[in-house]
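What follows is a single structure, written as structure tokens, with notes after it.
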Amino acid sequence: MKKRYLQLQPDAFTRFRTISFLLESMAKNKDPKKRYSILDIGGSSIFMYDFLSESSLDFELTIIDPRPKPVGINGKIKYIQSTGEEAAHLGRKFDFTIMIDMLEHVAGDTNKKSVLDSAIQLTTEAVIVAGPYEDYQTDKFEHSLNTINKELFGVDQDWLLEHFQCKKPDLNKVLSIFEKAGLHTKSVATLPF
């Protein structure tokens with residue numbers, strides 16, 4: 001099998017691999033023989049499926065994303081073209097919900113909260129959120145990368161521009177949403193730049 005995820009940037013590769021490892025570990029601790037349902041909010045790529053396929057986890061993956069279904073999404077993945085805010089209307093629960101590099105592409109705190117509330121409502125075991133949060137180091141790094149992109153190509157880097165427009169999530173606000181729902185975080189880590 002061609003390892004498509006090798007085309008990922010190192011930070012994205014690390015997030016996908018870490019989440020795959022976390023899901024596999026949590027499943028082993030619960031019931032290693034169970035088939036786990038996973039909802040990927042904003043996951044319009046094949047990468048999570050590829051990582052999970054290399055794990056020992058028995059899973060079914062549903063992706064919800066506002067973008068049209070990308071090439072490469074196979075019949076083993078259920079793809080729903082919709083927003084994270086509308087995910088609560090899926091009419092079913094999932095064992096795990098993941099959100100990788102997506103909250104920074106959702107405009108406004110109210111919409112970010114709506115996506116997180118949907119994830120909490122839909123999930124029975126754990127919600128995993130990975131991506132950049134608002135802090136000085138990350139902001140400085142992203143602006144530096146964008147400057148390099150403009151110097152090389154004459155335009156802003158589209159994903160970074162969206163981070164600047166939509167604003168990266170505030171980690172304390174995200175944690176507060178989980179705490180108000182009566183949930184506890186197990187660990188929070190940030191990658192230094």
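Side chains included, hydrogens not; waters and symmetry mates left out as well; all remaining heavy atoms used. Residue numbers count from 1 along this sequence. Since the structure is predicted, the reported quantities are computational estimates derived from the model, not experimental observations.
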Evaluate the criterion side-chain contact (heavy atoms from CB on, under 4.5 Å) for residue pair His163 and His105; output intermediate values, then yes/no. CA-CA 6 Å; His163 289 197; His105 300 283; 3.3 Å; yes
Going through the distances and angles, do Ile120 and Ile177 end up as a side-chain contact (heavy atoms from CB on, under 4.5 Å)? CA-CA 9 Å; Ile120 291 166; Ile177 290 167; 3.9 Å; yes
Verdict with reasoning, Met48 to Ser20, per side-chain contact (heavy atoms from CB on, under 4.5 Å): CA-CA 7 Å; Met48 193 73 247; Ser20 173; 3.7 Å; yes
Show the numbers, then the answer: is there a side-chain contact (heavy atoms from CB on, under 4.5 Å) between Thr62 and Arg92? CA-CA 11 Å; Thr62 300; Arg92 66 170 285 199; 4.3 Å; yes
Tyr49 vs Phe59, ring pair (Phe, Tyr, Trp, His ring centres under 6.0 Å): CA-CA, chis, key distance, verdict: CA-CA 9 Å; Tyr49 179 84; Phe59 69 96; 5.6 Å; yes
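Taking both residues in full, the closest heavy atoms of Ile41 and Gly84 are given as CG2-CA, 3.6 Å, listed atom of the first, atom of the second, then distance. Nearest approach of Lys112 to Cys166, heavy atoms of both residues: NZ-O, 3.1 Å. Nearest heavy atom pair, residue Ser118 against residue Ala87, reads CB-CB, 4.1 Å. Among all heavy-atom pairs drawn from Pro66 and Thr83, the shortest one is CB-CG2, 4.2 Å. Scanning all heavy atoms of the two residues, the minimum distance from Tyr79 to Pro68 falls at OH-O, 3.6 Å. The shortest heavy-atom contact between Glu24 and Ser56 is OE2-OG, 2.6 Å.
Considering only heavy atoms from C-beta on, Gln157 stays 4.5 Å or farther from Ile148 through its side chain. Inter-residue side-chain proximity for Met26 and Tyr36 is flagged as unmet; no heavy-atom pair is nearer than 4.5 Å. For the pair Val129/Phe178, a side-chain contact is recorded, criterion being any heavy-atom separation below 4.5 Å from C-beta on. At least one side-chain heavy atom of Phe16 sits less than 4.5 Å from a side-chain heavy atom of Ile100.
Rounding to the nearest 0.5 Å places NZ of Lys76 at 13.0 Å from CG of Leu52. Taken to the nearest 0.5 Å, the CG atom of Leu22 stands 13.5 Å off from the CZ atom of Arg15. Put simply, CG on Asp40 and CG on Leu61 are 6.0 Å apart, with the number rounded to the nearest 0.5 Å. How far CD of Glu85 is from CG of Leu116: 10.0 Å, rounded to the nearest 0.5 Å. With values rounded to the nearest 0.5 angstrom, Leu175 atom CG is found 11.5 Å from Leu183 atom CG. Atom-to-atom distance recorded for Leu90:CG and Ile64:CD1 is 4.5 Å, nearest 0.5 angstrom.
Here the options are Arg35, Lys33, Lys34, the test is side-chain hydrogen bond (donor to acceptor under 3.5 Å, both in side chains), and the partner is Asp58; only Arg35 passes. Of the residues Ile38, Ile98, Ile73, the one that meets the side chain to side chain contact (heavy atoms under 4.5 Å, CB included) test with Ile63 is Ile73.
Ring orientation note: the planes of Phe164 and His143 are close to parallel, at an angle under 30° on the 30°/60° scale. Between Phe51 and Phe13, the ring-plane angle classifies as perpendicular under the 30° and 60° cut-offs.
Without hydrogens or angle criteria, Ser37 side chain to Asp95 main chain gives a donor-acceptor distance under 3.5 Å.
Within 6.0 Å of NZ on Lys173 lie no more than 12 heavy atoms contributed by other residues, nucleotides or ligands. When the shell of 6.0 Å around NZ of Lys140 is examined, it contains 12 or fewer heavy atoms from other residues, nucleotides or ligands.
A chain of hydrophobic side-chain contacts below 4.5 Å, direct or via other Ile, Leu, Val, Met, Phe, Trp or Tyr residues, connects Leu152 to Val155.
Listed by chain and residue number, Glu134, Asp139, Glu142 satisfy the salt bridge (Lys or Arg N to Asp or Glu O under 4.0 Å) test with Lys168 (two or more places apart in sequence, or in another chain).
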